[in-house]
**Q** 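Can you read through this structure? Questions will come right after.
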Amino acid sequence: MIANYGYMDGSGEYYITIDTDKCAECEGKMCIAACPKGLFVPIEDDYGEDVVEIDSGKVKELKYQCMDCKPTEKPPLPCISACTPGALKHSW
Amino acid sequence: MISAGIDVGSKNIKVVILDGDKIIGKAIQTGSDDQEKSIEETLNSAVKDAKIERSAIEKIATTGIGRKVFKEADYVITDVTAGGRGIFECDNAVRTGIDVGAEESKAIKVNQVGKVTDSAVNEKCAAGSGSFVESMARALGIDMKAFAELALSSDAKIPMNAQCAVFAESEVVSLIAQNTPQKDISKAVHDSIASRVSSMVRRVKLEPRIAIFGGLAYNPGFVSAFKKNLEIEDIFIPEEPLFVSALGAALLAQEKKEG
Ligand code: SF4
Ligand code: SF4
């Protein structure tokens with residue numbers, strides 16, 4: 001499943017998109033350790049696959065949670081570099 | 001197998017009881033501070049409606065924002081999976097279901113067997129949900145149904161810029177102060193919610209047939225504004241839009257494999 005977690009407000013749209021079919025096949029789940037804010041949480045989804053989701057308590061603050069990782073022009077984000085299967089996208 | 005699906009929403013609790021794929025009972029009740037008690041009561045009303053004994057229910061699945069409250073559940077299912085399964089059951093041709101509830105809206109894409117392939121949840125957007133329409137109707141002192149229908153008789157285009165329900169409310173208050181006709185205010189409110197929900201929905205690539213369910217599906221002002229916003233004509237609205245997720249949960253309770 002392509003799962004979009006996030007929200008929009010007056011300043012823009014803040015969504016992290018996870019292709020959970022890739023997570024189900026991903027052994028290392030390196031995103032979990034790579035994210036300094038602990039945004040990625042391992043879960044078993046409703047279809048019995050081991051995937052990750054965004055911590056529900058933090059979804060509403062994505063813009064601020066990711067702020068330290070996102071000064072302009074800084075190359076790949078820790079989560080994106082760690083995710084070798086290429087399951088992650090940020091909308092902003 | 002007899003199963004029950006319980007959807008513990010932010011406003012109402014909905015229960016569907018199935019015997020196989022046939023709905024034999026259902027009930028809805030407004031939630032309270034004591035959610036566990038309200039769930040018990042709603043479940044018991046549905047059991048009564050089904051004319052069965054409670055012990056006849058073999059599997060229970062819960063979904064919705066309060067899905068973890070009910071300790072007797074055999075399965076706890078996310079809103080996205082339950083909503084997707086439920087709307088697919090209502091019409092197998094549906095590929096995109098849009099659930100617009102009291103506090104949250106969701107876009108759910110399903111494949112040809114009803115499995116969710118794509119989803120987006122709009123968090124934190126009180127101004128894009130059912131409770132916002134209700135509070136705006138209250139501000140005007142009109143009941144919900146009349147307020148929703150008023151929008152249909154207006155051609156006005158009044159943009160509402162506020163991104164947050166609190167500010168949107170103050171925009172409405174100033175429209176009232178300027179003696180803006182009620183029908184135009186109603187249209188502005190519905191247009192603004194529709195545009196918010198549409199932009200969330202566009203995160204998933206829309207694929208027909210498109211369905212709306214959840215509380216706002218009953219609101220013709222919203223449905224009309226939403227159709228215009230997405231430029232689509234054909235939108236499927238199930239007979240009982242509020243029970244779709246409970247139905248999905250009840251079906252999934254039967255379909256889950258043991259172990
Ligand atoms: S590293 Fe990528 S593929 Fe692996 S679990 Fe994390 S997001 Fe999914
Ligand atoms: S940008 Fe940083 S904080 Fe945000 S998800 Fe990626 S690693 Fe975590």
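Any value given below was found using the heavy atoms of this structure, including those in side chains, with hydrogens, waters and symmetry copies removed. It should be emphasised that the depicted structure is a prediction, and the values quoted were computed from it without experimental measurement.
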**Q** Could I get the full list of salt bridge (charged side-chain N to carboxylate O under 4.0 Å, His left out) partners for A:E49, not counting sequence neighbours?
**A**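 Not a single residue meets the salt bridge (charged side-chain N to carboxylate O under 4.0 Å, His left out) criterion with A:E49.
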**Q** Can you say whether B:K115 sits under 4.5 Å from chain A via the side chain, the backbone, both, or neither, judging by heavy atoms?
**A** both
**Q** Hey, can you tell me if A:Y14 and A:W92 have their rings parallel, tilted or perpendicular (30° and 60° cut-offs)?
**A**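 Ring orientation, 0 to 90° scale: perpendicular.
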**Q** Who are the side-chain contact (heavy atoms from CB on, under 4.5 Å) partners of B:V8, not counting sequence neighbours?
**A**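 Residues passing side-chain contact (heavy atoms from CB on, under 4.5 Å) with B:V8: B:I6, B:I13, B:Q35, B:I39.
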**Q** Please classify the contact between B:T117 and chain A as side chain, backbone, both or neither, with a heavy-atom cut-off of under 4.5 Å.
**A**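 Contact with chain A involves the backbone of B:T117 alone.
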**Q** Are B:E240 and B:K14 within salt-bridge range, i.e. N to O under 4.0 Å?
**A** no
**Q** Between B:V76 and chain A, which part of the residue has a heavy atom less than 4.5 Å away: side chain, backbone, both or neither?
**A** backbone
